[in-house]
Novice: 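Here it is: the structure, laid out below.
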Amino acid sequence: MKGFAMLKLNNVGWVEKEAPKAGPVDAIVRPLAISPCTSDIHTVWEGAIGERTDMILGHEAVGEVVEVGSLVKDFKPGDRVIVPAITPDWEAVESQMGFSQHSGGMLSGWKFSNYKDGTFAELFHVNQADGNLAILPDNIGIEEAVMLSDMVPTGLHGADNAEVAYGETVAVIGIGPVGLMAVAGANLRGAGRIFAVGSRQVCVDAAKFYGATDIVNYKDGSIAQQIKEATNGKGVDKVIIAGGDLETFEEAIDIIRPGGIISNINYLGSGDYFKVSRLGWGCGMGHIRIIGGLMPGGRKNMEYLSNLLKYKKLDVSPLLTHKFDGLDKIEPALMLMKDKPRDLIKPVVRI
Ligand code: NDP
Ligand code: ZN
């Protein structure tokens, strides 16, 4: 079968590989829709997780099951399924501790395009099918459903980790597709005022659609200064970071109130350390929490989050700015993600 791969750092291309086989609890899936992620860009062009050779990229997909192992109970060939980007080993101790994202070690629940071949192929392998796949509801289109693999759970995880509560003021730094879903998550959890930080108009319009009340352009000067001015110096209850770099934490510390939470979902692709200002952190006594999280995968999350689309509580269609047909088109779609033209939020490829 063919797949679109990271050949080595800074290099991508098509590879020919043997089709994967299902172990007793696994499934083999043929993608129906896939989408490239900014994480693929960090992996290939920033070397964020180190060298990988001929590793098929991609971790966002909906597909059709073509084969299941002998012990799989709830899925069969022909089922249309949502495939989460994170597919944990559910028996791992980390999973039992509530951190299935790290089953087997730091970030080890993230298998596609990290530890094994990803979804940009004619076929791909899913571990622990009963625990990691979810049936695609009839009334959700494949293009929308592919946003359930990664964008929806990641953005909402940012809002969950920030413990956003009714009426709070939240700043979402970065409003690409992930940050937009964080805005939507903060809104669903009842935030009052939501600052959205970005520069591209297409993202600004979408942020307003998802519930942003104030827009801050980071290119107009310090984010912290702009938000402090708009809040009479008080800052915000919660910050969700979904864009920027290590320096973004310095801005976040400067706007968070005592007892606030900074929730990072940005994949930090390069650099070594970030600074936490001593005074901003209340001389170490400000009760300010900093948490960073990989999205939670697995079947239950996919089933519950798909209810948001099925029952029209969340509309992901504004994210889908670029649509392609055919597996071959994953290459231009990935390049869009790398180049981030001004009219792009998220590309999707139908197969
Ligand atoms: P995008 O590149 O589409 O969006 C990034 C956003 O950050 C844009 O709004 C951009 O503004 C803004 N931005 C860029 N530079 C700065 C800066 N210096 N200060 C403030 N804002 C800035 O990315 P995605 O939404 O696709 O992904 C966001 C991050 O989430 C990525 O790092 C991705 O790898 C990660 N990710 C994490 C996951 C997880 O499980 N935690 C899962 C999936 C993705 P503009 O372009 O408007 O100028
Ligand atoms: Zn991703």
Side-chain angles (χ1 to χ4, degrees), residues 34-46 48-49 57-61 83-86 101-102 107 109-114 118-120 146-161 171-184 195-207 212 215-224 226-227 239-252 255 263-271 291-297 301 319 321-322 334 336-347:
I34 51 179
S35 184
C37 178
T38 303
S39 301
D40 295 308
I41 308 306
H42 293 305
T43 298
V44 179
W45 284 281
E46 267 184 285
I49 50 172
L57 289 165
H59 48 260
E60 302 183 15
V83 185
I86 306 304
Q101 298 95 320
H102 309 290
L107 303 181
W110 170 25
K111 298 181 188 303
F112 295 125
S113 68
N114 183 8
T119 59
F120 298 167
V146 79
M147 295 300 105
L148 290 166
S149 287
D150 191 355
M151 298 299 97
V152 175
T154 301
L156 269 52
H157 190 52
D160 288 345
N161 279 346
V172 178
I173 303 182
I175 47 170
V178 169
L180 288 169
M181 289 299 95
V183 172
F195 286 89
V197 182
S199 82
R200 288 176 295 139
Q201 192 59 43
V202 64
C203 297
V204 165
D205 292 342
I215 304 296
V216 169
N217 186 341
Y218 66 95
K219 292 185 175 166
D220 289 345
S222 150
I223 297 167
Q226 294 185 66
I227 291 183
V239 178
I240 303 171
I241 302 178
D245 52 26
L246 290 173
E247 286 172 14
T248 309
F249 287 89
E250 294 174 44
E251 303 262 20
I255 51 171
S263 163
N264 179 74
I265 41 177
N266 198 17
Y267 171 8
L268 299 167
S270 49
I291 179 168
L294 178 67
M295 63 152 267
N301 287 317
L319 301 180
T321 50
H322 292 63
L334 182 73
L336 277 180
M337 226 41 193
K338 180 168 182 279
D339 298 338
K340 299 276 154 70
R342 296 200 71 75
D343 60 345
L344 177 84
I345 298 182
K346 185 84 174 169

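One-based numbering, in listed order, for ligands and for the atoms of each.
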Novice: Taking non-hydrogen atoms only, is Ala85 closer than 4.0 angstrom to ligand 1 via side chain, backbone, both or neither?
Specialist: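 No part of Ala85 comes within reach of ligand 1.
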Novice: Rounded to the nearest 0.5 Å, how far does NZ of Lys340 lie from CZ of Arg200?
Specialist: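 One finds 6.5 Å between CZ of Arg200 and NZ of Lys340.
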Novice: Heavy atoms only: which of Cys203, Gly244, Pro296, Ser199 lies closest to atom 45 (P) of ligand 1?
Specialist: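 It is Ser199 whose heavy atom sits nearest to atom 45 (P) of ligand 1.
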Novice: Mind checking whether Ile173 has an N or O less than 3.5 Å away from an N or O of ligand 1?
Specialist: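 Among all N and O atoms of Ile173, none is under 3.5 Å from an N or O of ligand 1.
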Novice: How far apart are the C-alpha atoms of His59 and Asp40, what are their side-chain angles, what is the distance that settles it, and do they pass the side-chain contact (heavy atoms from CB on, under 4.5 Å) test?
Specialist: CA-CA 9 Å; His59 48 260; Asp40 295 308; 3.9 Å; yes
Novice: For ligand 1, is there an N or O atom under 3.5 Å from any N or O atom of Asp245?
Specialist: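 N/O-N/O distance below 3.5 Å does not exist for this pair.
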Novice: Among Ile241, Asp40, Val178, Asn266, whose heavy atom sits nearest atom 29 (C) of ligand 1?
Specialist: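 Looking at heavy atoms only, the winner is Asn266.
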Novice: With nothing but distance in play, are any N or O atoms of Ile223 less than 3.5 Å from an N or O of ligand 1?
Specialist: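 So ligand 1 has no N or O lying under 3.5 Å from an N or O of Ile223.
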Novice: Examine Asp150 and say whether one of its N/O/S atoms is closer to the Zn ion (ligand 2) than 2.8 Å.
Specialist: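 Yes, within the cut-off.
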Novice: Looking only at atom types and distance, does a side-chain atom of Thr154 sit under 3.5 Å from a main-chain N or O of Met151, one as donor and one as acceptor?
Specialist: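 Not confirmed, Thr154 side chain does not pair with Met151 backbone.
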Novice: To the nearest 0.5 Å, what is the distance between OG1 (Thr38) and NZ (Lys346)?
Specialist: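 Here the rounded value is 6.0 Å.
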Novice: Between Ser39 and ligand 1, find which residue part has any heavy-atom pair under 4.0 Å and reply side chain, backbone, both or neither.
Specialist: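 Both parts.
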Novice: For atom 43 (C) of ligand 1, find the nearest protein heavy atom and state the residue, atom name and distance (0.1 Å precision).
Specialist: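 Of every protein heavy atom, Asp150 OD1, 3.1 Å lies nearest to atom 43 (C) of ligand 1.
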Novice: Check the pair Ile241 / Phe249 against side-chain contact (heavy atoms from CB on, under 4.5 Å), numbers first and verdict last.
Specialist: CA-CA 8 Å; Ile241 302 178; Phe249 287 89; 3.8 Å; yes
Novice: At under 4.0 Å between heavy atoms, is it the side chain or the backbone of Lys346 that contacts ligand 1, or both, or neither?
Specialist: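 No part of Lys346 comes within reach of ligand 1.
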Novice: Output, in order, the C-alpha distance, side-chain angles, deciding distance and verdict of side-chain contact (heavy atoms from CB on, under 4.5 Å) for Glu46 and Ile41.
Specialist: CA-CA 7 Å; Glu46 267 184 285; Ile41 308 306; 5.9 Å; no
Novice: More than 12 heavy atoms of other residues, nucleotides or ligands under 6.0 Å from CD of Gln201: is that the case?
Specialist: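 Correct, the count exceeds 12.
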Novice: Which of the atoms in ligand 1, numbered in the order shown and given with their element, are less than 4.0 Å from a heavy-atom of Leu294?
Specialist: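 Counting from 1, the qualifying ligand atoms are 40 (O), 41 (N).
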Novice: Please state which protein non-hydrogen atom is closest to atom 12 (C) of ligand 1 and give its distance, to 0.1 Å?
Specialist: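 Checked against all protein heavy atoms, atom 12 (C) of ligand 1 sits closest to Gly174 CA, 3.8 Å.
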Novice: To the nearest 10 degrees, could you say what angle the Zn ion (ligand 2) makes with NE2 of His59 and SG of Cys37?
Specialist: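 An angle of 110° at the metal.
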Novice: Mind checking whether Thr248 has an N or O less than 3.5 Å away from an N or O of ligand 1?
Specialist: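 No; the residue has no nitrogen or oxygen that sits under 3.5 Å from a nitrogen or oxygen of the ligand.
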Novice: What's the shortest distance from atom 46 (O) of ligand 1 to any protein heavy atom, and which residue and atom give it?
Specialist: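 Of every protein heavy atom, Arg200 NE, 2.8 Å lies nearest to atom 46 (O) of ligand 1.
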Novice: Tell me the protein heavy atom at minimum distance from atom 2 (O) of ligand 1, and give that distance in Å.
Specialist: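 So the nearest neighbour among protein heavy atoms is Lys340 NZ, 2.8 Å.
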Novice: May I ask you to identify, for Glu251, whether its side chain, its backbone, both or neither come under 4.0 Å of ligand 1 on a heavy-atom basis?
Specialist: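 Under 4.0 Å from ligand 1, Glu251 contributes no heavy atoms.
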Novice: Specify the closest pair of heavy atoms between Ala182 and Ile265, including all atoms of both residues, with the distance to one decimal.
Specialist: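 The answer is CB-CD1, 4.3 Å.
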Novice: How many angstroms lie between CD1 in Ile240 and CG in Asn266, if you round to the nearest 0.5 Å?
Specialist: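 Taking CD1 in Ile240 and CG in Asn266, the distance rounds to 12.5 Å.
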Novice: What do we get for Tyr267 next to ligand 1 when only non-hydrogen atoms under 4.0 Å count, side chain, backbone, both or neither?
Specialist: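 Both of them.
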Novice: Who's the nearest protein heavy-atom neighbour of atom 30 (O) of ligand 1, and how far?
Specialist: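 Checked against all protein heavy atoms, atom 30 (O) of ligand 1 sits closest to Ile265 O, 3.6 Å.
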Novice: Any N or O of Gly293 that comes nearer than 3.5 Å to an N or O of ligand 1?
Specialist: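 Yes.
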Novice: Taking both backbone and side-chain atoms of Gly243, is any N or O found less than 3.5 Å from an N or O belonging to ligand 1?
Specialist: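 Not met; the criterion fails.
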Novice: Considering distance alone, does some N or O of Ile175 sit under 3.5 Å from an N or O of ligand 1?
Specialist: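 Indeed, backbone or side chain, Ile175 has an N or O that close.
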Novice: Taking 4.0 angstrom as the limit and counting only heavy atoms of Cys37, give me the atoms of ligand 1 inside it, by number and element.
Specialist: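 So the atoms of ligand 1 that pass are 43 (C), 44 (C).
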Novice: Which bit of Leu180 is near ligand 1, meaning a heavy atom under 4.0 Å away: side chain, backbone, both or neither?
Specialist: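 None of Leu180 does.
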Novice: Do me a favour and list the nearest non-hydrogen protein atom to atom 24 (P) of ligand 1 with residue, atom name and distance?
Specialist: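 Checking every protein heavy atom, the shortest distance to atom 24 (P) of ligand 1 gives Thr38 OG1, 3.4 Å.
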Novice: Report the nearest protein non-hydrogen atom to atom 40 (O) of ligand 1: residue, atom name, distance rounded to 0.1 Å.
Specialist: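 Among all protein heavy atoms, the one nearest atom 40 (O) of ligand 1 is Met295 N, 2.8 Å.
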Novice: Which protein non-hydrogen atom lies closest to atom 28 (C) of ligand 1, naming both residue and atom, and how far is it?
Specialist: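 Looking only at protein heavy atoms, the one closest to atom 28 (C) of ligand 1 is Ala242 O, 3.2 Å.
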Novice: Relative to ligand 1, is Thr154 under 4.0 angstrom through side chain, backbone, both or neither, heavy atoms considered?
Specialist: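 Answer for Thr154: side chain.
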